[in-house]
Amino acid sequence: MGLRTGTFHENYAEEMATFNSRLRWGLVAALIVVLFLCPFFLSDRMLTILTTMGIAVVSVHGLNILTGYCGQISMGHSGFMAVGGYTSAILCAELGWPFWAALPCGALAAGIAGLLFGLPSLKIKGFYLIMATIAAQFIIIWIIIQLRSITGGTDGLLVPKPTICGISLTSKANYYYLVMFFVVLATITAHNIVRTRAGRAFIAIRDNEVAAEVMGVSLWSYKLQAFFIGCIYAGAAGSLLVHYVRFASIEQFPFMDSVWYLGMLIVGGMGSTAGAIFGVIALKLLDELVTVSGPILAAAVAPQAAASLALISHGLIIIIFLIFEPRGLYHRWEMIRAYFRLWPYSHEASE
Amino acid sequence: MLEVNNIEVVYMNVIRVLRGVSLMVADGQIVALLGANGGGKTTTLKAISGMLKTEEGEVTDGSIEFDGKRIDRFGPEHIAVLGISQAMEGRRVLAHLSVEENLLVGAYRRKDRQGVKQDLEMVFDYFPAVKRLRRRMSGYLSGGEQQMLVIGRALMARPKLMLLDEPSLGLAPLMVQEIIEIIKQINVDQEMAILLVEQNVRAALDIAHYGHVLENGRVVLSGPAEDLKDNEDVREFYMGLSKVGAQRSYREVKHYRRRKRWLG
Amino acid sequence: MTFFLQLIVTGVAQGMVYALIAIGFVIILKCSEVFNIAQGHFVLIGGYLGWTFLVLLGLPIWAALLAAIATAVIMGLLIERLMLRPMVGKPVLAVIMMTIALSTVLGGVATLLWGAEYKAYHGLLPTIIMKVGTISIPSESLIGLIVSVICVAILMFLFRYTKIGLAMRATAEDLQVVQSVGIKATTVYAVSWVIASVVGVIGGILLGGVSGANMDLANIGLKAFAVVLLGGVNSVGGAILAGIILGMLENVAAGYLDPILPGGGLAQVFPFFVMIIVLVFRPHGLFGLAHIERV
Amino acid sequence: MYKHRWMLAACTIILMVMTTFLPVSAQAEKVLYVGGTQSLTGPFAEDSAAVLAGIEDYVAYVNETKKLAPWRSEKFPADVKLEVLWRDDELKPPKALSIYEELKAKGMLVGRISGSPIALALKDRLWEDQMGATSMASGSYLLTPPQSIFTYYPIYTDSCAAIADWFKANWKESRKPRVAYLTADNAMGRSLEIPEMKAYLENIGYEFVGTQYVPLVPTSPPTTQLTWLKQKGVDLALGVMINPGSQPTVKEMVRLGMGPHLEYHMTFGVALPGHAAVFAEAMGELGDGYVCAGSFRSLDDIATPGIKFCSDLQDKYRKGKRISHIMYEAGVLEAMIQVEALRLAMQKVPFDKLTPRAVLEEGFYQIKNLDTGDISSTPLTYGKGDIEGVDEIRIDQVQKGKSVKVGSSPVRHIYTKK
C-alpha cells in the first residue's frame, strides 16, 4: 500500500469528501481510537497535559478561523475565552444550571462579545484591529472585576463539579474524554466551515478585502460572522478551562495567553486546521520542556537562567519560525509527505 | 554604456516575465522601449535599476553591464550610486515632503554641496512651474507638476543614464508635449543617456534615437527611431494609423496574422 | 477645585512620559511601517540599565546617561540587524509577531541579567521641587517633562535639518523611490531602531527613578499605544499632545469615577477605552495623516 | 542536505521531549521530596527565588546533620534522605496543574503554593488528594473553606486588623479615626475587601472612607490616589502591597507631605508582603512611619536564634552568593514545616506506607507549637481548620530608617469561615 500520488476523483461528491481515501479514513479512525485509549495507559500528568492541550486546540481553531482564514488578527482571544468561561461559571454557580446547558451559553456569550468588539473591524484593519482586540482583552477583564457581585471580582468564583447525565466529570479521565470530544467536534467543524460559502468568503476577505467586496462578498456580514464563529470556539474553550480548574479567576485569562495563541498559529501554520493542532502541540511541549529543564538549569547555571528560559525560548522559537519557516510546521509536514509520496524521485518536492 | 544581454526575469520563482531581452544604450542616446501593457517594459527597467529585488523578482539568466561592469546582482542603492537613476511609473513623489526636499532626496548620495545647489537651480530652470512651488508639500501638486518633479529628482542625482518610466501617463496632451520636449532638451544639454519607456509611441519616437518594441517579454522589433516610425506594424498597432484605402475585411485578416506573428 | 487641578497637573506630567515612549514607537512606524510592540520593553531595559550604571557601578548621572544611551544604540542596531532585517517585505502580522517575540526575548534577557528583581534608585536623579499654591507638581515628572521636551526638540531638529532626517522622512513615504536614489533603506531602519531604543531607555531611566525598575515597567508600552492611536500613528507632534491629553483624562477619570465604581482600577483600563473610541470614530487619530488605499 | 538537517533537528527535539516524560529511576535509598511549585517568572519572582534558596539550604542542613534546627533535640530519621523537587509554574494556573500532577507522580507528599492564582487553581485538587501544602500567599480564599494549605503568617485581613487595633490603641483625638484602603490592584491586594473586614473596622470605632487602587507595581507615582486620601481626611490607609508597589507610594506620600510626622498626619500600613526590613533598607529615613504587620525579622538581627540559623545556613551553603532577600527566611520556614510534617508522619506510619493523606493527618495536623526560633511571630500550630500557624501578629514600623517592633496583636480571625 503506497501513498496516493494523484487525483482520482470521479465525481463531485468525491471531490468534496472530507476524507478522500480509505487510508485517510483509517488514519482518522485510528487516531480517535488512540485518543480514546489514552487514559488506560497514560499517567495523570500526561492526561492533564493532554487536557490543557485539548482546550488550547479548541481555542486556537477559533483563532485560526478568525485570523488564519479571515485575516482579522485578534490579540484578545484570551479575553473572549474569559467571557465564555465566566458566563458558564456564573450560570452553574449562581443559577445552578447543569454543565451541559451552561457550556453552549458560555460559547454563545463569547460569540456575542466577539460581535461587539468585531464591529470596529469594519472600519479598521491590520495594526489598528490588533489594538482594538488588545483593548477588548483588557476591557473584558476590567468589566469582570467591576461585576463583583456576580463574578466575585478578583477573588474569583468557585464552580461546582461538572456532571453530565449523572456522570461526574471530576476524574481526570472523564474530563479528558469530554475535552477530546470537543476537540474532535471543533476540528471537524473548523475543517468544514472553511469549505462552505462563508469559509470561501473569509479567505477572499483575507487575501484582498477590496477585491472581495467588489466581487460581491459582503464584508460587513462575513467579518462579523468570522468574529462570531471564532469567539464561539474561544467561549467553549474558556468554559472547558473554567470547569476543569473548577474555579474562575481573571488570572486564568492573561493577555500573554492571547499572544501565545497567535504564536501557536504561526508555529503551526496559519490557515490550516492541522496547523492549529500542530502549533498547540509544539508550543505546549516546549512549555513542558522548559518546566522540566528549569531546575536542572538553575542548578547548573543560576536560578535566573531557569526563570528567563521560558521567556527566551518562546521568543526564540517564534523568531526562528518567522525567519526560516514562516509557513509553519504544517507546511513542513506537507513537504515531508510529498517527499515520501514521490520517493525515490523526490528531489523536486524537497524544497 | 548600458548593455543588456539576453536577460530572463522570473517573479516569485514562478512567473517568467522576460524571456531574453537584449538592448544597448550608447552615450548620449535616447532609447525608447515601446510595447503594450504587460510586455515587460517596466520589468526591464527594474531589472536594470535593481528594483526587482524589492518585489521578489530575479534575473535568472543573461547579464546587464554598465560601463563594463556587471550590475545584475547589485541592489538598487548600489546601482543608483554607479550613475543610473530611475523615475518610476506613476509619479511617485514623496507626498508629505516639500518640493525642494523631494529634489534634495534625489541628490542624497552626492557629496558636492555646491554642485547640488547649482543643479537645483538647473532643475528649476528646466521646470519653472515647479520653482514657484518649491516650499509647497508635493502631494498637493498637479499631475504634470508631479511628473516634472519626479524627473527633476532623477536629474538631481546627476546620473550617466536616466531611466524614465512612462512620463506621459495620465497627463493632458499639452503637458505630454511639454515634458517630452524637456526630456529631449535634457538629453541635449546634459549629454545624458536616457532609456525611455512610453506608451505614447509617437511622442517617444519623435525624440528617441533608437527604439525597441517589447511584446510578451521579448524584443520583437528594434531599429533606429526613424525606421520604426515608418514601420507599418508599429504605425498600425501603436499609432493607430493604417494604409488608407485598404479593403476592410482583408485588412482585418492581415492584421490578425501579423499580430500573431509578433506575439508568437 | 484643588483636587481637580492636582489631577490635571499630575496628568500632564505623566502624559509627557507616555508621550516620550510613544515617540519611539512612532519613529519606527513612520520609517519602516513596523509596529513595535516591544517599545515597552525598551523602557524596561532602560529602567534596569539606570540601576546598573547609577547604583551598581556608581557612575555620576551624566556618565550613567551616556553609558545607557551607548548600550541602547548597540541594542537597537543588534535588534534591527538580527530580527527585523530578515522580515523586510513580510506581511504585517509576521512583523508584529516578530516584535512580540522580541518583547519576550527582551523580558527574558532582563530576567537573566537582573533576576526579575525590584531595583530601586530613589533620589539619584536630579529633582526639581515645585509647588504652586496647594498643588504640588511631581518632581520626577517635571524632570520627565524637561527631558521629553529636550528629546523632542532634538528629534525635530534631526528630522528637519539633517540629511539622515531627510532620508528617514523620505523612507516613510516611499521605500522604492528612496532606494532608487541610492539611499540605503537598511541604514534608515537601523537609525530609526536606534532612536526608538534610545528614547525608550531614557524613558525607562526616568520611570525607574520614580518607581524603581521592575518587570512590570514594560506594561507602560501598552499605554503608549493608546497615546499613539489617539495622536495618529504617524505624527510625532500628535503623540506629544495625545500623551498629555490621555494623562489628564486618565487621572481625572480615575480620580472622580474610581470611588463610585465597585471595582475601581479605572486608570489602568482607561487608555483602552480611549483606544476603542478613537478606532471607531477617528481611526487615523487626532493628528494623523489619512492614508489613501490603492488596490 | 537541508531537509536532513530539518529531520535531525526534529528528532533531537522529540528525543529531548521524550526523556522528560520518562519516569525517574527507582532509587535504592529512601528519599522524600520537599519543595513544590515556584513562580520564578512574574511579580513574585524575586520572593520565590529567595524562598527556593532557603528550602535548598535547609534541606542540605537536615541531610548533613540529621538535625532539624540548632535549638531542637529531635532527630530526622538517619536512613531517609531529603531532596528538593521544584518546577517553575510562571504563575500560570494551567501550568501549575500539570506540574502538580507530575510532582505527585514522582512521589511528592507535600505541596507548595507560590502565589494566589496557583492557590486558587490547586486548592480543590490538594483537598481531593488530601495533600498538605505550605503557602507563600495568604489571602482569604485559602479559607473558603479552610483546606489543606497552611500559611506561616496570618492571612492579609488579620494582619490589617492588627494594624487597625494598634493604630486605634494609639489614637489620641476624640473624633473617630478615618480609615481607607490603599491597596494593590490585583487579587492579592483586593483580598482585603471582604465585608467582614469593613464591619470589624467600623465595630472597633473607625469611620470607613473608601478604596483606592495602585497598580501592583506603579509606573507613575500614585499622586491621584494619595490626593484623594488627603482630600477625604484619611488617618489610616491599609493595604496589601508588595515592596515594589509600596516604595514609590511612600516616596510620593512623603513628597506630598503625608505621613505620621509630616504636616498631613496619615499612617500607611500594609499586611505582610511589604516586609518592613527590606523596605527600611531600601528607603532609609524616607520611609519613616511606614507600618507593616506580620513581617519577618531583618536578616541582620543575629540575636534571634532563627535568624542566626538562617545566617549560618548561608555561610555554609551559599558562600559568596548570599541572599539578602527577606523571603529566604520564609524558605527556611517553609522547608521546616514540610520536613516536620514528614517527620511526624513517619513516626506513625512506616516509610513505604506514606501517602499524602497520612502526611496531612499525621503530619501537618499534628504540628503543635513548632519552635521556629522566632522567625515567625510565634511558634506554629496547625490543625483541622486551623491553617494560620501563628496566633500573634508582630507590628513593625520604620523609624529613622530602621524597622522597629512597635507592638503585637492577637490574630482576630476576621474572616468568617463558610
Side-chain angles (χ1 to χ4, degrees), chain B residues 12 42 45-46 48-57 74-98 100-111 113 116 137-139 149-150 152-159 162-165, chain C residues 26-27 29-33 85-91 94-95 156-191 232-238 284-285 287-295:
Chain B
M12 294 173 173
T42 300
L45 283 199
K46 283 181 176 163
I48 296 167
S49 66
M51 208 61 83
L52 274 183
K53 289 171 191 69
T54 61
E55 298 179 348
E56 293 193 56
F74 292 170
E77 304 98 337
H78 196 161
I79 293 171
V81 174
L82 292 177
I84 297 181
S85 116
Q86 185 180 10
M88 268 174 296
E89 186 181 0
R91 301 194 290 272
R92 304 264 285 264
V93 297
L94 305 167
H96 295 114
L97 270 59
S98 75
E100 193 171 322
E101 282 169 340
N102 259 284
L103 293 175
L104 287 176
V105 165
Y108 189 80
R109 293 299 292 259
R110 288 174 59 180
K111 299 269 181 271
R113 288 192 167 202
V116 172
M137 214 191 253
S138 59
L149 183 58
V150 169
R153 187 173 64 205
L155 206 54
M156 285 299 289
R158 275 221 160 267
M162 199 153 69
L163 312 177
L164 297 180
D165 201 347
Chain C
V26 170
I27 284 171
L29 183 73
K30 252 177 110 89
C31 291
S32 53
E33 306 235 314
R85 201 169 297 176
M87 301 305 289
V88 172
K90 296 272 173 69
V95 182
M156 288 289 190
F157 177 81
L158 188 81
F159 273 133
R160 284 286 150 209
Y161 301 107
T162 64
K163 236 178 150 182
I164 185 74
L166 182 64
M168 288 175 84
R169 283 193 294 145
T171 311
E173 298 281 334
D174 194 325
L175 175 62
Q176 279 195 329
V177 165
V178 161
Q179 286 181 326
S180 78
V181 299
I183 297 175
K184 280 207 184 85
T186 47
T187 314
V188 173
Y189 294 161
V191 169
V233 287
N234 40 20
S235 161
V236 174
H284 48 87
F287 312 98
L289 306 160
H291 178 69
I292 300 155
E293 190 180 352
R294 293 177 58 191
V295 185

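Keep in mind it's a predicted model, so treat the numbers as computed, not measured. Here is the naming used below: chain letters follow the sequence lines, and residue numbers restart at 1 for every chain.
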Sub-3.5 Å donor-acceptor pair from the side chain of Arg109(B) to the main-chain atoms of Gly182(C), do we have one?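 Yes; at least one donor-acceptor contact below 3.5 Å.
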N/O donor-acceptor pair under 3.5 Å between Glu101(B) side chain and Leu166(C) backbone: no
If I measure from the heavy atoms of chain C, does [X] come under 4.5 Å with its side chain, its backbone, both, or neither?
| X | result |
| --- | --- |
| Ala95(B) | both |
| Met88(B) | side chain |
| Leu104(B) | both |

Ring pair (Phe, Tyr, Trp, His ring centres under 6.0 Å) partners for Tyr189(C), two or more places apart: none
Please name the pair of heavy atoms, one in [X] and one in [Y], separated by the smallest distance, quoted to 0.1 Å.
| X | Y | value |
| --- | --- | --- |
| Met51(B) | Gln179(C) | SD-OE1, 4.0 Å |
| Ala170(C) | Val105(B) | CB-CG2, 3.8 Å |
| Glu77(B) | Ile183(C) | CG-O, 3.1 Å |

Chain C interface, residue from Gln86(B), Arg153(B), His78(B) that has the most non-hydrogen pairs under 4.5 Å: Arg153(B)
To the nearest 0.5 Å, what is the distance between CZ on Arg169(C) and OG on Ser98(B)?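 Between Arg169(C) CZ and Ser98(B) OG, I get 7.5 Å after rounding to 0.5 Å.
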